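Written out below as structure tokens is the structure these notes cover.
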Amino acid sequence: MKTKFINVFDPLKNERVEIMDKDGKIINPKLVPDIKDKDLIDAYKLMNLSRRQDDFQNKVQRQGRLLSFLSSTGQEASEVGYTLPLIKGKDWFASGYRNNAAWLTAGMPMRNIMLYWMGNEYGGKAPDGVNSLPPNIIIGSQYTQATGIAFAEKYNKTGGVAVTTTGDGGMSEGETYEAMNFAKLHELPVIFICENNKWAISTPYAKSTKSINIASKGIATGVPSVKVDGNDFLAVYAVAKEAVEFARTGNGPVFIECDTYRLGAHSSSDNPKIYRPEEEFQEALTRDPLIRLKNYLIEKGLWDQKKQDKLDKEQDEFIQKEFEWAEQNKEYPLEDIFDYIYAEKTPDLEEQYQEAKAFFQAHPEAKGGHH
Amino acid sequence: MAGKVLNNVKAVSEALDVAMDKWKEVVVYGEDAGFEGGVFRATEGLQAKYGEERCFDAPISEAMFVGVALGMAMNKMKPVVEIQFEGLGWASLQNILGHMGRMRNRTRGKLPTPVVIRMPMGGGIRALELHSEAMEAIYAHTPGIKVVCPSTPYDTKGLILAAIESPDPVIVFEPTKLYRAFKQEVPDGFYTVPIGEAFKIQEGNDLTVVTYGAQTVDCQKAIEQLESKNPDITIELIDLRTLKPWDKKMVFESVKKTGRLLVVHEAIRSFSISSEIIASVNEECFEYLKAPLSRCTGYDIVIPFDSGEGYHQPNPTKILVKMEELLSYKF
């Protein structure tokens with residue numbers, strides 16, 4: 001397959017795919033992907049929605065209405081960019097834990113995402129027609145799981161592609177190498193993404209690796225690897241789209257480093273001010289992926305402030321409604337903690353369930369937790 | 001029914017052969033599991049028969065083995081993973097405990113992970129470091145996983161087929177000491193031994209001995225010695241076969257009849273399978289007991305090499321002494 005990016009941009013020379021500059025001006029017209037205006041606007045809307053959901057969740061988390069959550073703020077171009085080329089119901093997304101914009105793009109309903117962060121496992125159950133794994137908290141394994149999913153796609157000749165992602169911190173997990181090694185041995189249709197957002201909680205990139213970049217870590221396994229400006233939606237989308245086609249047509253896996261920045265905290269219980277240099281953060285703000293894509297859309301005559309105001313209002317209302325639904329549906333009955341451990345409850349588990357049921361019937365006040 | 005006379009390791013091959021023939025979605029892999037058929041030759045002949053796509057060597061990365069198997073299982077396949085020796089597979093623990101046991105619950109039943117992991121386990125084969133481990137309690141302790149440990153060729157084939165058929169992830173511990181210890185006639189074709197059902201090797205009235213794996217043989221030897229010395233005494237011997245969920249019903253009924261219990265295993269003693277059985281029998285059968293609930297196990301030590309292994313593992317003499325203590329116990 002003729003490629004523009006794969007095996008063209010060399011990670012060992014630290015080459016990086018860039019299409020727009022930090023203000024949204026096209027600097028590489030030849031590389032601009034073929035994407036319909038409507039799809040471009042939809043991508044921007046997803047990025048905007050995820051950003052506003054992050055802001056909203058920050059607010060309600062402080063009110064104690066979410067257990068926790070990990071914001072995608074600053075990484076929306078990457079997440080929407082690499083998930084958008086997937087075919088819903090056919091392709092797979094094996095996530096990490098910071099993937100709000102990617103989940104929305106892959107088709108995960110916002111209410112599910114909110115339920116998850118409220119502490120309800122139903123949030124991890126994707127609806128029919130959405131092949132998304134639940135958030136992965138112990139990172140690294142989503143790489144091997146996506147590889148197994150891709151093995152099954154190739155084995156069953158079902159034509160699907162798996163996309164998986166982790167951060168720069170996750171790339172220290174051995175499983176990322178192990179997965180790429182195996183995926184290349186079997187030429188599996190899997191796209192490995194690393195969102196290099198420069199911080200693994202409080203550990204800076206420079207204390208995680210001495211590699212010239214993350215993309216070069218794929219070279220040893222033989223997996224074609226590309227580094228891309230992760231805050232440039234057009235660049236991520238173009239590379240991911242090529243990678244998905246490359247993998248789908250039997251050329252094996254691809255590894256993509258999205259060079260991005262985490263603008264928010266690691267999690268809602270983290271304070272980046274204590275470890276992150278203020279000047280670094282201020283500089284990163286000038287490369288905000290939303291502003292860049294918005295400027296590009298305005299330049300193309302596809303967007304204006306009036307449209308933005310209308311969109312913000314609609315999306316805020318939508319977010320509020322999804323949240324209210326999730327809050328009203330977050331409780332589940334006692335049996336649900338027993339019902340999904342095995343296909344059928346084992347005799348032991350049935351006994352323990354009956355014991356718990358009798359106990360909580362006699363002592364309804366004894367249900368623990370924050371209720 | 002037609003059958004073949006097989007040892008345990010051949011019963012493993014036979015089970016995998018039947019499963020691969022029956023279900024196209026079964027793939028078998030592990031270190032050296034393809035061409036050579038594994039260090040114990042348990043997968044010998046499968047690659048030649050089913051091709052490299054379905055039976056293959058995996059690079060030495062145990063975390064990957066299980067992670068990949070999880071992805072396969074979530075996408076409609078039935079992977080059977082071989083960990084070369086139990087003690088060499090601990091890099092896969094994160095995926096077994098942290099993902100395999102949890103994915104069904106985390107997705108409310110949408111993405112079950114019916115993976116089968118086979119692990120040669122236990123000592124008595126004059127092996128080196130980490131080749132004689134018996135850490136089954138770790139796996140049995142983990143919600144969402146089932147654990148079996150067959151001791152005979154018939155059970156080996158039947159339990160492996162039950163494990164592959166099971167909608168839940170199952171770990172199959174294969175006692176290495178018994179791989180080639182004896183032979184038994186095994187029916188041809190597909191059959192299963194139900195997960196969760198123990199097997200009563202012999203009936204008795206005076207003491208219940210519960211064991212599994214390689215110690216079934218040691219217990220039989222010890223019981224023969226005891227019964228020949230004491231013709232009035234009969235011992236009930238139960239092979240658990242499934243460690244999780246274990247057959248409480250059979251064990252409770254037996255202890256209610258005999259009033260005495262000895263649990264025998266080579267795994268280290270504390271927080272072990274015997275801990276669980278003794279605690280449960282205490283809760284359920286207390287008023288029937290004629291002696292303290294007891295056990296004959298390995299010690300809480302690093303599993304010794306060959307030179308020290310004889311100290312650690314239960315053997316017929318150790319078991320015999322324990323049985324005699326319990327039979328002569330007076331409150």
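Each chain gets a letter, A, B and so on, in the order the sequences are listed, and its residues count up from 1. None of the values given here were measured: they were computed from a predicted structure.
For B:A63, the parts lying under 4.5 angstrom from a heavy atom of chain A are both the backbone and the side chain. Residue B:P112 does not touch chain A at all, counting heavy-atom pairs closer than 4.5 Å. There is no contact between A:L349 and chain B, counting heavy-atom distances below 4.5 Å. Only the side chain of B:M77 comes within contact range of chain A, with heavy atoms under 4.5 Å apart. At a 4.5 Å heavy-atom cutoff, the contact between B:V27 and chain A is made by side-chain atoms alone. If you measure heavy-atom distances from A:F338 to chain B, you find no contacts under 4.5 Å at all. Both the backbone and the side chain of A:A126 come within less than 4.5 Å of a heavy atom in chain B. A:E153 touches chain B through backbone and side chain together, each having a heavy atom under 4.5 Å away. With a 4.5 Å cut-off on non-hydrogen atoms, B:I145 touches chain A through its backbone but not through its side chain. Residue contact with chain B, scored on non-hydrogen atoms closer than 4.5 Å, involves the backbone and the side chain of A:D336 alike. The contact between B:F56 and chain A is made entirely by side chain atoms (from C-beta outward), counting heavy-atom distances below 4.5 Å. B:E62 touches chain A through its backbone: at least one of N, CA, C or O sits under 4.5 Å from a heavy atom, while the side chain does not. Neither the backbone nor the side chain of B:T242 comes within contact range of chain A; no heavy atoms are under 4.5 Å apart.
Heavy-atom pairs under 4.5 Å with chain B peak, among A:A150, A:A94, A:A152, at A:A152.
Atom CE of residue B:M64 and atom CD of residue A:E178 lie 6.5 Å apart, to the nearest 0.5 angstrom. Here B:E52 contributes atom CD and A:H186 contributes atom NE2; the two are 8.5 Å apart, rounded to the nearest 0.5 Å. With rounding to the nearest 0.5 Å, the separation of OG1 in A:T158 from NZ in B:K76 is 7.0 Å. Within the model, atoms NZ of A:K154 and CD of B:E53 stand 7.5 Å from one another, a figure rounded to the nearest 0.5 Å. The line from CD of A:Q145 to NE2 of B:H99 is 5.0 Å long, rounded to the nearest 0.5 Å. To the nearest 0.5 Å, atom OH of residue A:Y340 and atom OG1 of residue B:T107 are 10.0 Å apart.
Residues A:T346 and B:K244 fail the side-chain proximity criterion, which asks for heavy atoms closer than 4.5 Å. The shortest side-chain heavy-atom distance between B:D168 and A:E344 does not fall under the 4.5 Å cut-off. Contact of the B:M72 side chain with the A:Y155 side chain is not registered, since no non-hydrogen atoms from C-beta on lie closer than 4.5 Å. At a threshold of 4.5 Å between non-hydrogen side-chain atoms, the residues B:N95 and A:E175 count as touching.
Heavy-atom contacts from other residues, nucleotides or ligands closer than 6.0 Å to CZ of B:F35 number 12 or fewer. Heavy-atom contacts from other residues, nucleotides or ligands closer than 6.0 Å to CD1 of B:I60 number 12 or fewer.
Counting all heavy atoms, side chain and backbone alike, B:K24 lies closest to A:N156 at NZ-OD1, 4.0 Å. Closest approach of A:I139 to B:Q94, counting heavy atoms only: O-NE2, 4.0 Å.
In terms of modelled atom types and a separation under 3.5 Å, the side chain of A:Y342 and the main chain of B:P169 share no donor-acceptor contact. B:R106 places no side-chain N or O within donor-acceptor distance of the main-chain N or O of A:L133, the cut-off being under 3.5 Å.
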